[in-house]
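Letters go in sequence order (proteins before strands), and every chain restarts at 1.
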2 protein chains.
Amino acid sequence: MQRVTIAQVAERAGVSTATVSRVLSRRGQVSAAVERKVRRAADDLGYQVNVIARALRNSRTDTVGMVVPSITNPFFTSLVESVEHALGKEGKELFLCDARSDPQIEARRLASLAARNVDGIIVSPSHGVDSRPAVQQTADRLPLVQLDRFVDGTTTDWVGVDDVAAMRQVVDHLHDGGARSAAFIGSLMTHSSTEQRFAGFRRRAEELNIEVKPDQVLLGDYSVEWGEAAVARLIAEGGLPDALVCADDLIALGVTRACRAHGFAVPRQVQVTGYDDIEFSRLTEPALTTVHQPRDRIAAEAVRLLAAAGAKDAERGPHAHISLVPTLVVRDSTRATQAPSDRI
Amino acid sequence: MQRVTIAQVAERAGVSTATVSRVLSRRGQVSAAVERKVRRAADDLGYQVNVIARALRNSRTDTVGMVVPSITNPFFTSLVESVEHALGKEGKELFLCDARSDPQIEARRLASLAARNVDGIIVSPSHGVDSRPAVQQTADRLPLVQLDRFVDGTTTDWVGVDDVAAMRQVVDHLHDGGARSAAFIGSLMTHSSTEQRFAGFRRRAEELNIEVKPDQVLLGDYSVEWGEAAVARLIAEGGLPDALVCADDLIALGVTRACRAHGFAVPRQVQVTGYDDIEFSRLTEPALTTVHQPRDRIAAEAVRLLAAAGAKDAERGPHAHISLVPTLVVRDSTRATQAPSDRI
DNA sequence: TTGAAAGCGCTAACAT
DNA sequence: ATGTTAGCGCTTTCAA
């Protein structure tokens, strides 16, 4: 149970602690013979570095913190997986925190990560406004990249997708399938993703003369339950439009299910689209047409930005906003494109 | 960017670092006046403890490590959520690692957690045999609890559900619905969950005279894809039995989907059951009958065991195996019970 | 009640 | 090429 220290290794190998350190952290010159002795002794004793002590000394932990709104949302878990993978290549580890969509918990997590001396933080903020103080404060102390969502009025690096361009593709596709009216089902406008997605949706719908009734813009949260509830409400208030555009796949899953439950055929009577392309989106009946986010790419860019920020350190350069273009994945919840009509 | 240290707070408050420490870690006696001065100074400077330094000194981190086979499996993420919640009440944080179902990665994660001086480790081992050395070695150094799955031949605390009892309920229910033949679709027998679940399934099937053809026990992995592939294989090799019993919900999701795709009505022609009760299990068409695992309870017990192990420290008491009884959640993928036949 | 000082395990000057 | 030593920021004796 007693931890083996560098001093014990040094004693056993008959050298100084400095030499052991040099060997084990592969810095500085050591003769082959001594190196062998040291490694031998370390193995015999089952030595393991004390990362804590090393971190205190180096003020570097080779650890990156990540905070996501919900660890049970498959989009975020797959994003986490991508980030962990990208970090692995740099020899860094990930410290993952779940904010439970609560800016207060989020603030605590951020503070705690900072106190742990993580080398940088990747955060997908829970709230477009309320997350600001904590995110900004954290960004002032150490490298921070916002992922997917961002907080209003903060100046930090950001990586995500071009929601407006994505929604343009979605609306075009629905229009090709014959949709002339549509509803939007999203979360409250409490974070940038919904805002952007809605803006993109609305703009393109207008351009294509697709009718969007004001009371057919329904805002709740990113959950299956909300998707189900929204459809019930639409039906109660006068029926469904040609298409239901959802701000994420969880909502779309609930929407699809509710449509079928209420006897509406998807996509024959009503087309449905999601966003994110989580694994389960292909499993529902019918499989969901959705927007695929290039997670690996997003993760790679985030890690790169973090590394860059860590390097320059003192001088805070201008911040980067990297937005990648997502692709539309057409499955069975929308109507097959019949010879796309000419559009301007 | 410069971190505020206890020394700066001490200077500003006009006291010694020892006093500051006493105030901030609320140990030892300090006069009210001095306490106020110190808190004031700390606030002014925006002081935050350096968890690293504290950990080095105390050799306690108030952090628990958790290693799961796959962070994209919703069962594990919801388990993680429960664990994090339970730990929060103890003022501890969670360091989460994904082993990607690979014992080698798992071993690295465990070593890295140990090196980080976590106070304890919760692990759901990736492999029933290959995970042994790393798990055992780690358990020798610090408090460790296995969750859900366990490694063959290790002696550590364990918390999970009674798979055999659960499968008994499943088989009884299917039998009530008229099933007289069944197939089992699981992962390779590389971890305890499948083993136990299969054992429970087989025993009860025998007792009830339900036919299980040897070539209708199909083993792959815990994934939707495998569920789909398994059904294709069954159909190719002579058709489906009355019931398809799956070792987890992901498999069952794939199985259900494949059945429908091949034109088999669920549950009219073939009944399907899952295991875990992940959120998505109620979303498929038809919603899945499955075994609900009491995650919060499992998490709470695990945290309790860890705390206990951390306390006694020196003397390693006997290890606890806590198995909770899960409940069957009947949905639409099995036939409604018509007046249960008398069983012995 | 408060302060001085040692030391947790490690690394990096600096010295040899 | 190797050793000596100071010190990262904190807590905790021990003295006063």
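Electrostatic pairing of A/Arg132 and A/Asp130 does not count as a salt bridge here, judged by no charged N lying under 4.0 Å from a carboxylate O. With salt bridges taken as basic N to acidic carboxylate O contacts below 4.0 Å, one links B/Glu301 and B/Arg304. A/Arg40 and A/Asp44 are joined by a salt bridge, as a carboxylate oxygen and a charged side-chain nitrogen come within less than 4.0 angstrom of each other.
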Could I get a table of every N or O pair under 3.5 Å where one atom is in the protein and the other is in nucleotides 14-16 of chain C?
none

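In this entry the distance linking CD of A/Glu35 with C1' of D/dT2 reads 14 Å, nearest Å. Summarising the geometry, the separation between CG on A/Leu45 and C1' on C/dG9 is reported as 15 Å, rounded to the nearest angstrom. Per the geometry, CG belonging to A/Asn58 stands 16 Å off C1' belonging to C/dC8, to the nearest Å. The distance between atom CD of A/Gln29 and atom P of D/dG3, rounded to the nearest whole Å, is 15 Å. Distance A/Gln8 CD to C/dC8 P: 11 Å, rounded to the nearest Å. Summarising the geometry, the separation between CG on A/Leu56 and P on D/dC10 is reported as 9 Å, rounded to the nearest angstrom. In this structure, B/Gln48 atom CD and D/dC10 atom P are separated by 11 Å, rounded to whole Å. In this structure, CD1 of A/Ile52 is placed 11 Å from P of C/dC10, rounded to the nearest angstrom.
A donor-acceptor pair shorter than 3.5 Å can be found between the side chains of B/Arg3 and A/Asn117. Side-chain N/O atoms of B/Gln136 and B/Thr154 include no donor and acceptor closer than 3.5 Å.
Both B/Thr19 and B/Arg57 sit near DNA chain C, but only B/Thr19 has its closest nucleotide nearer the 5' end. Across the interface with DNA chain C, nearest-nucleotide mapping of A/Asn50 and B/Gly14 shows B/Gly14 to be the residue nearer the 5′ end.
Set against D/dG9, C/dA5, D/dT4, the side chain of B/Ala18 has C/dA5 as its closest nucleotide. Minimum atom distance to the side chain of B/Ile6 is reached by D/dT11, of the listed D/dT11, D/dT4, C/dG9. Taking every side-chain heavy atom of B/Ser25 into account, D/dT11 is the closest of D/dT11, D/dG3, D/dG9. Closest to the side chain of B/Arg54, from the set D/dC10, C/dC10, D/dT2, is D/dC10.
An OP1 or OP2 oxygen of D/dC10 is reached within less than 4.0 angstrom by no side-chain nitrogen or oxygen of B/Thr17. Phosphate contact (OP1/OP2 of D/dT12, side-chain N/O of B/Ser21, threshold under 4.0 Å): absent.
Formation of a donor-acceptor pair under 3.5 Å by the A/Ser192 side chain with backbone atoms of A/Phe150 is found in this model.
Of all the heavy atoms in B/Ala55 and B/Thr61, the pair that sits closest is CB-CG2, 3.6 Å. Looking at every heavy atom in both residues, B/Ala13 comes nearest to B/Ala41 through CB-CB, 3.9 Å.
In the helix from C/dT1-D/dA16 to C/dT16-D/dA1, the terminal helix axes, each the rotation mapping four pairs' C1' atoms onto the next four within five end pairs, subtend 40°, rounded to 10°.
Screening A/Glu93, A/Lys92, A/Glu90 against A/Val64 for a side chain to side chain contact (heavy atoms under 4.5 Å, CB included) leaves a single residue, A/Lys92. Checked against B/Leu144 for a side chain to side chain contact (heavy atoms under 4.5 Å, CB included), the options B/Leu306, B/Ile122, B/Leu113, B/Ile121 give a single hit: B/Ile121.
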